[in-house]
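The next block holds one structure in the form of structure tokens; read it before the comments.
First the proteins, then the strands, lettered A, B, ... as listed; each starts at 1. Predicted, not measured: the structure shown is a model, and the values here were computed from it.
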Amino acid sequence: MPPRHQPTATQHGAPKASLPEQIFLSVQTALMSGHFAPGQRLPLRTIAGSFGTSTMPAREALSRLVALGALEILPSRRVVVPTPTTERLQDILRARAIVEPEIAIQALNRLESDQIRRVRQSVAALSAMMRSTRRGKRDLSKWAALHRELFFEIYEAAESPTLLGIIKSFWIQVGPSISVIGARMSSASAYEDILNSLEAHSHDRLREAIRSTIEMESNLLQQPRGTL
Amino acid sequence: MTAAKDSASLFLSGIAAVTKQSLVEQVHRALCESLMRGQLPPGQRVPLRSIAAAMGTSIMPVRESVNRLVAVRALEVLPNRRISVPVLTESEYAEISSAKVLVESAAAREAAARITDSAVSKLQSLHEAMMATIKADHSVANNQKYLTLNKEFHFLIYAAAGSEALMKQIEFLWLRVGPYFHLLHEPNTSWRGNENHEQIISAIKSRNAEKVSAAVRSDLEGAASYILSHNLL
């Protein structure tokens, strides 16, 4: 599945990114949102084709993702989405649980009311999804997009490109496995706790809410198949 | 061609691939360590051939490692295609440093409850070795020895947080600002990192997560603002 073309780099009025940068950002977003499955091939030509470019900028973008551990090159030189072991996924979620509460706290003082409103909308949509649709029938790609938007609406307010890059590097590694979490989640209360702590402007509650949401994700991923 | 011969050559090509891979890893480790310990200053050219010759390898593994470092912005390709250690602007340095402070103080907070007693005594001996180093004469060799011990000290704490993915990101941060660290230890420096290390150790011994996090934060913030305020960029 080719990634959708998204002008991610320019959405905050930043200067227009170079072609490899644009491809990097698009593939990154697609990986974070679970558009690619573990083991899926990412043929250079397909990527280049979907952006209407030569293979050169696509190669540059993909090699950055390889260096970040988001993609891997097989001995046959094919580029694929890695299939992480359970231990590896738990290790990344542990990193998320350590870093993300702190960036959320940094963001808290800078969050504008329209950003909090968008978080509220994401939480409302996620709550509706948890209530109305049976787990087997959930639109998991919609869930993954809402889930990502909720967290990144907060993290982007921290205004640190380096921190954002670090957190994205965790998300792009978990992204291909993320639909499992969406399929197993049974309530939106974790999301509601995040929203409440934002509205209460409480550092301690926000830290706790982000951390326990990530720990819940970690537990859902760990459940053996067929226990639902 | 017999099946036996086929499987033998398959086996041998497997061996060759493994050695080639581990050679790249060895070269890559060595380059990363040099950057993180401040042995390659900002603006330093990175001549592939000389590095390959110094390491006694062909140019291939060096090129592979350099490509990886360029991908994470630890090295850059100049318009004339030469490789060099990036020179940061003040605001870039400040931005990366504040991310580094946040990530490492978060890792330290987590480490407080988990670090083993033997790691704590190792921290103590690294600290003593650093004390001995600054008492000795100021020399390039001593400076590098200090930075090597310092890196080991910090990473020993962060490793106790128990996430390899987190360690890798911390390495990326050190790769980007490490080239500036030697500035803390120039002959006329007034930087007193050892006092901070003393506080970190005592916070760790108290197993108080808040205190450990704050002590690491103040060490890193102090170093970053020393570099910035002395116009060392």
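- Counting heavy-atom neighbours within 6.0 Å of Arg118(A) CZ, excluding the residue itself, gives a total above 12.
- Among the residues in residues 82-108 of chain A, those with a non-hydrogen atom closer than 4.5 angstrom to a non-hydrogen atom of chain B are Arg88(A), Asp91(A), Ile92(A), Arg94(A), Ala95(A), Ile98(A), Val99(A), Glu102(A), Ile103(A), Gln106(A).
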task: Quick one: do Leu173(B) and Thr162(A) satisfy side-chain contact (heavy atoms from CB on, under 4.5 Å)? Show the steps, please.
output: CA-CA 9 Å; Leu173(B) 290 165; Thr162(A) 302; 3.6 Å; yes
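- By a heavy-atom distance cut of under 4.5 Å, not one residue of residues 109-116 of chain A is near chain B.
- Contact of Phe24(A) with chain B is not made at all, since no heavy-atom distance falls under 4.5 Å.
- Considering only heavy-atom pairs separated by less than 4.5 Å from chain A, the leading option among Ser98(B), Ser105(B), Ala107(B), Ala99(B) is Ala99(B).
- Using a 4.5 Å cut-off between heavy atoms, Ser63(A) touches chain B through its backbone atoms (N, CA, C, O) alone.
- No more than 12 heavy atoms of other residues, nucleotides or ligands shown are found within 6.0 angstrom of CZ on Arg82(B).
- Leu69(B) does not touch chain A: none of its heavy atoms, backbone or side chain, sits under 4.5 Å away.
- For the atom pair Gln169(B) CD and Leu163(A) CG, the distance stands at 10.5 Å (nearest 0.5 Å).
- Applying the 6.0 Å contact sphere to CD of Gln222(A) captures more than 12 heavy atoms from other residues, nucleotides or ligands.
- The candidate with the highest count of non-hydrogen atom pairs below 4.5 Å against chain B, out of Arg211(A), Glu60(A), Glu159(A), is Arg211(A).
- Annotation: residues 201-219 of chain B contacts chain A through Glu210(B) [non-hydrogen atoms, separation under 4.5 Å].
- One distance of note links CZ of Phe172(B) with CD1 of Ile166(A); it measures 9.5 Å at 0.5 Å rounding.
- Proximity to chain B among residues 191-199 of chain A is not found for any residue, judged by heavy-atom separations below 4.5 angstrom.
- Among the candidates Gly165(A), Gly69(A), Pro161(A), the residue making the largest number of heavy-atom pairs closer than 4.5 Å to chain B is Pro161(A).
- Around CZ of Arg207(A), the count of heavy atoms belonging to other residues, nucleotides or ligands within 6.0 Å exceeds 12.
- Interface residue Glu110(B): only side-chain heavy atoms are found under 4.5 Å from chain A.
- When every heavy atom of Lys168(B) is checked against every heavy atom of Ala67(A), the shortest pair comes out as NZ-O, 3.8 Å.
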